[in-house]
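A note on names: the letters A, B, ... follow the listed sequences, proteins ahead of strands, and every chain is numbered from 1.
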Amino acid sequence: TQTLNILLLGFKESGDITAVELFYHDMIRRGFKPNVVTYNIRIDAYCKKGCLDDALRVMKEMEGMKCKPTVETMTTLIHGASIARNPIRARRLFDEISTRTLQADVGVYNALLGSFVRSGDLKGGLDLMDEMEKKGIQHDNVTYHTMFLALKNLDGVGAVCKLYRRMVEKGFVPKMRTVVMLVKFFCENQRSDLGLDLWEYMVGRGCCPHGHALNLLVTALCCRKKVEKAYQCMKQVVERGRHPS
RNA sequence: CCGUUCCUAAAC
């Protein structure tokens, strides 16, 4: 069954829903027993194609086989609703999690967050982040990246800055790709001071951001006649044994 | 063995 699942996963990743279903039914005829992962893969295959109703049909089918959906199943379906640009439906599926006595995790919250911001509902997204906090679910790299990206595209430097401060207060250390995105965004919006602030925060947390972020920052700082600051950043990198190009 | 953000191949 695990082997079957791995093969199904391969068909799913290549986007071939027909192959997924043909292969699945063929293997069942040969006596393979599907498990929850098997169903989740089929559900995801339909969701990624935008066929939420077919995905829900497969969930009914799995329940008929006395196979209980997991939190991953719900995440997949919520993501499917997100792809179909249907945040209302995403929220409904999310609410089913407690009905089904499943434990919501950071993954489902992130999926719902994605659905909200995809439909332009930044307020809904920020409220959801508050809800996570209340429920004791820690924001992770996906949470921050999703929200920062949405704020920078749909709102402005003020909103991004607000979330940035909140993240720093919690002492959260983001992934480099988020740092690069933020530094670039701040610098492009004449706020190289915030870029520098983020840089110093990362260094203070023992992370030495790599060359790409440094180049962005140094260029922006130099353009704004802050060569001295730029020089200090570079020095920090060199002192850590890196070799900026 | 499966899910959530971003990135990623080939082809044109």
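- Side-chain N/O atoms of A:Ser119 and A:Arg85 include no donor and acceptor closer than 3.5 Å.
- Between A:Leu4 atom CG and B:rC2 atom C1' there is a gap of 12 Å when expressed in whole angstrom units.
- Within the nucleic acid shown, A:Asn35 comes within 4.0 Å of at least one base atom, counting heavy atoms only.
- Using a cut-off of 4.0 Å between Lys/Arg side-chain N and Asp/Glu carboxylate O, A:Arg29 and A:Asp26 are scored as salt-bridged.
- Using a 4.0 Å heavy-atom cutoff across all strands shown, A:Lys12 reaches sugar-phosphate atoms only and no base atom.
- The base of B:rC7 does not come close enough to the side chain of A:Arg177 for any donor and acceptor atom to sit less than 3.5 Å apart.
- In summary, A:Glu13 and A:Lys48 do not engage in a salt bridge, as defined by a charged side-chain N under 4.0 Å from a carboxylate O.
- Phosphate contact (OP1/OP2 of B:rU5, side-chain N/O of A:His79, threshold under 4.0 Å): present.
- Across all strands shown, A:Thr75 has heavy atoms under 4.0 Å from base atoms, whether or not it also approaches the sugar-phosphate.
- When rounded to the nearest whole Å, the span between CG of A:Asn5 and P of B:rG3 equals 11 Å.
- Taking atom CG of residue A:Asn40 and atom C1' of nucleotide B:rU4, one finds them 13 Å apart after rounding to whole Å.
- Across residues 105-131 of chain A, A:Asp105, A:Gly107, A:Val108, A:Asn110, A:Ala111, A:Arg118 each have a non-hydrogen atom less than 4.0 Å from an atom of RNA chain B (numbered order).
- Within the 4.5 Å cutoff, the side chain of A:Glu133 has heavy atoms near those of the A:Lys170 side chain.
- Under the side chain to side chain contact (heavy atoms under 4.5 Å, CB included) rule, A:Phe186 has a single partner from A:Leu196, A:Leu194, A:Asp197, A:Leu217, which is A:Leu194.
- Checking the phosphate oxygens (OP1, OP2) of B:rU4, a side-chain nitrogen or oxygen of A:Lys48 falls inside 4.0 Å.
- Between the P atom of B:rC2 and the CD atom of A:Glu13 lies a distance of 9 Å, rounded to the nearest Å.
- Atom CG in A:Asn141 sits about 14 Å away from atom P in B:rU5, given to the nearest Å.
- For the pair A:Met176 CE and B:rC7 C1', the interatomic distance rounds to 14 Å; values are reported in whole Å.
- A donor-acceptor pair shorter than 3.5 Å can be found between the side chains of A:Thr73 and A:Thr70.
- Salt bridge annotation for A:Glu61-A:Lys66: absent, with no cationic side-chain nitrogen under 4.0 angstrom from a carboxylate oxygen.
- Taking atom CE on A:Met132 and atom P on B:rU5, their separation rounds to 14 Å, with Å as the unit.
- Atom CZ of A:Phe11 is separated from atom C1' of B:rC2 by 17 Å (rounded to the nearest Å).
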